[in-house]
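What follows is a single structure, written as structure tokens, with notes after it.
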Amino acid sequence: MLKFNFEEQLKNTINNFAKSKGIEEQISFVVEIPPKNINADLALNAAMIIAKKVRTNPRIIATELIEIISKEFANTIKSAEIAGAGFINLHFTDEFLQQELNKILSKKQDYAKQENVNKDKIMVEFVSANPTGPLHIGHGRGAAIGDSLSRILKHLGYNVVKEYYLNDVGNQMNVLGESTKTRYRQLKGEDIPFLEDGYKGEYIKDIAQDLINEGKKFEEIDFKKESHTRILETIKKDLEQFRVNFDSWFSESKIASDKDENGKTQVDNVCQYLKEKGDAFEQDGALWLKSTLYGDDKDRVLRRTDGRYTYLASDVAYHKNKYEREFAQVINLWGADHHGYVARIMAAIQMLGQKKEALKVILYQLVSLVRNGQPVAMSTRSGEFITLKDVLDEVGTDACRFFFLLRAPDSQLEFDLELAKKQTSENPVFYVQYVNARCQSILKDYKEDSSTANLSLLSTKEEKDLIKKLISFEDTLLICDKTKSPHHLTTYLIETADIYHRFYEKCRVLGEDKELEKARIQLLKAVSIIITVGLDLLGVSAPNKM
RNA sequence: GCGCCCAUAGCUCAAUUGGAUAGAGCGUUUGACUACGAAUCAAAAGGUUAGAGGUUCAACUCCUCUUGGGCGCGCCA
């Protein structure tokens, strides 16, 4: 992880220094952007780590290191000092800031793209809602996180494939077909009861009504197929409205129904394989996965006594299939209610010869919808849940995505519909979008060529703070990668907006001295690039006018 | 009962995975539009990080216990 090009050299220098102190192994220290309350551009904890190894005072080590660093990095580091328990705080030279600012201006939307690294193939599997009903608000959170994380990883140079796993086989599809059929007959006037465990949502009635309107004959309708394709169609439409597009739709039938030359499905084969390997065993007429071998609470059934496979069996086969497609890392986004499932699937992939690290399951906590402070009920049982589409139609895609990406997946999210709709400062999405609108309203009237600007004229605190924030964009994306969460980017954009608005207040652009005006125009262009790219990675638009 | 996640300012949440004086937004109070968009800015108040122990040079972060919340615990998907 390198955010600035001199970092590698810095690490070498420090490691050589450590060697001179008699430390042979590579030491692991961080080069980081310090917390806000610290007045520094970069911080190193290397002195503390070296001091511990050679059992001496970190401040002595730090003093020696500072001397070396200030000499060797005079072009980038203006000054360095010891702080706290032995941190070394670094300050950039103005030349370095200008150079980085130029990098943003020349690379434009490709800024912070990593080249010739991270060629690994990564799969991000998310949403994967059963095609038995429309997407609800919870799927929306998973969709936003998965899509945005994918965009960020792609920007960082990974080869990312976004996949939707479609559970389109099994009993649930039969129930779906029967549900529609029953509704159809009821609408035709038959006095029959609805299925006990059928799908009770209004959308089933709508499908039945559509089928009636289309005038098809009852005997000729394949209710299962019709329901499935129509629901899938609405799911795809909702995702499109949400600006989420998948690279791959993977159907469960491929591994659970399709047969190879021996008449076996992929599920058959993987179960056979695990059995031969000794990781699965027969007991009480069922086939069990010995998941306790890898830390699960209990062993799990793969094939029932009646011969039918469980959902787990397909999922094991599905994951085997993923690795056969040569994904170095697989990321799954699951709702937190699936957490009990993590241990068994982790066990399974290890049985299949993968390292634990090859699978990362991100659990996102559920969303609670609030309107005017009052909770909005959403129970799938009664069929009355809030669909993603309802929310999108009400608050719009931008606000919806931004709100979903505001928090770490681990924390429960309160989503206030009224707040998301507000076009005021209470609403952070407008606060960030407003930055670009302000930039563009100045830039649109500026006709001169600013590319020759002398950036050293950007000398006020506000301007320097803004440049420093802009050049930490790359670091922010790397943190998102490391923590596998886009919310750091959302926070970054809000902070950047804050610093920009402060700059805007203090520093006039148009009508200043011609040269200063030019330099500030360049700064505005850079701001606009970062805000636009950053919002795009969240899947949020950055309009020029609002 | 067992397991997973969580508990941070009045409210909603951050804190770069063990670092420094725990930060934002909203809300509250007080100010700023005859200059590029006031959808903005400046300032103030607000904290024993649920509680108690422990590990460490260093703990919101790791370990143990307690309290309080969410979610799981099927040969369902």
Side-chain angles (χ1 to χ4, degrees), chain A residues 1 30 32-38 40 43 45 48 51-52 57-58 83-87 89 130 132 167 170-173 175 197 252 284-288 296-298 300-312 314-315 335-343 363-366 368 370 373 406-416 419 422-428 430-431 433-435 437-443 445-446 472 475-476 478-480 482-483 487-488 490-492 494-495 497-498 500-512 517 520 524 545-546:
Chain A
M1 295 225 313
V30 293
E32 62 181 3
I33 296 173
K36 279 185 275 269
N37 53 329
I38 304 300
N45 64 350
M48 288 147 86
K52 190 174 188 178
N57 186 340
F87 286 95
N89 284 348
N130 292 346
T132 53
N167 298 116
N171 194 45
Q172 53 168 351
M173 299 314 291
V175 174
D197 54 353
E252 186 184 358
D284 307 329
L287 182 68
W288 298 72
D296 196 8
D297 301 344
K298 41 188 158 183
R300 310 287 173 173
V301 171
L302 289 167
R303 197 191 58 233
R304 304 180 185 97
T305 337
D306 64 7
R308 285 157 52 230
Y309 288 112
T310 60
Y311 178 79
L312 175 63
S314 322
D315 222 22
D337 51 337
H338 289 81
H339 72 256
Y341 207 76
V342 176
L363 296 171
Y364 55 91
Q365 295 291 326
L366 303 181
S368 54
V370 172
L406 212 40
R407 309 300 179 206
D410 255 352
S411 56
Q412 288 173 38
L413 177 72
E414 183 167 297
F415 191 121
D416 193 316
L419 176 59
K422 275 187 191 160
Q423 308 215 345
T424 69
S425 57
E426 289 169 71
N427 189 342
F430 289 99
Y431 185 75
Q433 287 179 319
Y434 187 47
V435 171
R438 271 186 152 178
C439 285
Q440 290 302 327
S441 85
I442 295 174
L443 291 173
D445 295 324
Y446 189 83
S472 67
D475 184 50
T476 304
L478 292 170
I479 291 168
C480 290
K482 191 171 162 191
T483 60
H487 81 277
H488 297 105
T490 318
T491 308
Y492 167 85
I494 294 172
E495 287 167 0
D498 184 41
Y500 172 77
H501 290 312
R502 229 150 44 204
F503 153 82
Y504 184 92
E505 212 64 31
K506 273 274 176 75
C507 304
R508 204 182 149 74
V509 179
L510 298 179
E512 284 288 335
E517 181 180 88
R520 287 184 173 162
L524 286 190
K545 267 190 198 169
M546 293 167 66

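Each chain gets a letter, A, B and so on, in the order the sequences are listed, and its residues count up from 1.
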Does Lys298(A) or Asn171(A) map to a spot on RNA chain B nearer the 5' end, using the closest nucleotide for each?
Lys298(A)
Base, sugar-phosphate alone, or nothing: which one does His339(A) contact when heavy atoms must sit under 4.0 Å apart?
base
Report the residue (Pro409(A) or Cys507(A)) whose heavy-atom-nearest nucleotide on RNA chain B is the more 5′ of the two.
Pro409(A)
Expressed in whole Å, how much space separates the P atoms belonging to C75(B) and C71(B)?
23 Å
Between Lys36(A) and Glu495(A), is there a side-chain heavy-atom distance shorter than 4.5 Å?
yes
Consider only side-chain N and O atoms of Glu252(A) and Ser314(A), and report whether a donor and an acceptor are under 3.5 Å apart.
yes
From CG of Asp498(A) over to C1' of U40(B), roughly how many Å is that when rounded to an integer?
11 Å
What's the gap between G70(B) and A24(B) when it is taken at their P atoms, as a whole Å value?
32 Å
Here the distance between atom C1' of C4(B) and atom CG of Asp410(A), to the nearest Å, is 10 Å
Look at all strands and tell whether Pro34(A) reaches a base, only sugar-phosphate, or nothing, counting heavy atoms closer than 4.0 Å.
base
Does a donor on one side chain sit under 3.5 Å from an acceptor on the other, for Gln172(A) and Asn167(A)?
no
Which listed nucleotide (G37(B), C41(B), U16(B)) is nearest to the side chain of Pro35(A)?
U16(B)
Trp288(A) has an atom CH2; how far is it from atom P of G74(B), in whole Å?
11 Å
Under 4.5 Å between any side-chain heavy atoms of Tyr500(A) and Cys439(A), yes or no?
yes
Between C6(B) and C13(B), how far is it from one P atom to the other, in whole Å?
14 Å
Rounded to whole angstroms, how far apart are CG on Leu406(A) and C1' on G25(B)?
9 Å
Rounded to whole Å, please give me the gap between CG in Asp445(A) and P in A35(B).
18 Å
Rounding to a whole Å, what distance do you find between His488(A):NE2 and A14(B):P?
9 Å
With rounding to whole Å, what would you report as the distance between A38(B) and G19(B) at their C1' atoms?
40 Å
From C41(B), A77(B), A14(B), pick the nucleotide closest to the side chain of Thr491(A)?
A14(B)
Tell me: CG of Asp296(A) to C1' of C73(B), nearest whole Å?
11 Å
To the nearest angstrom, the NE2-C1' distance between His487(A) and C13(B) comes to 9 Å
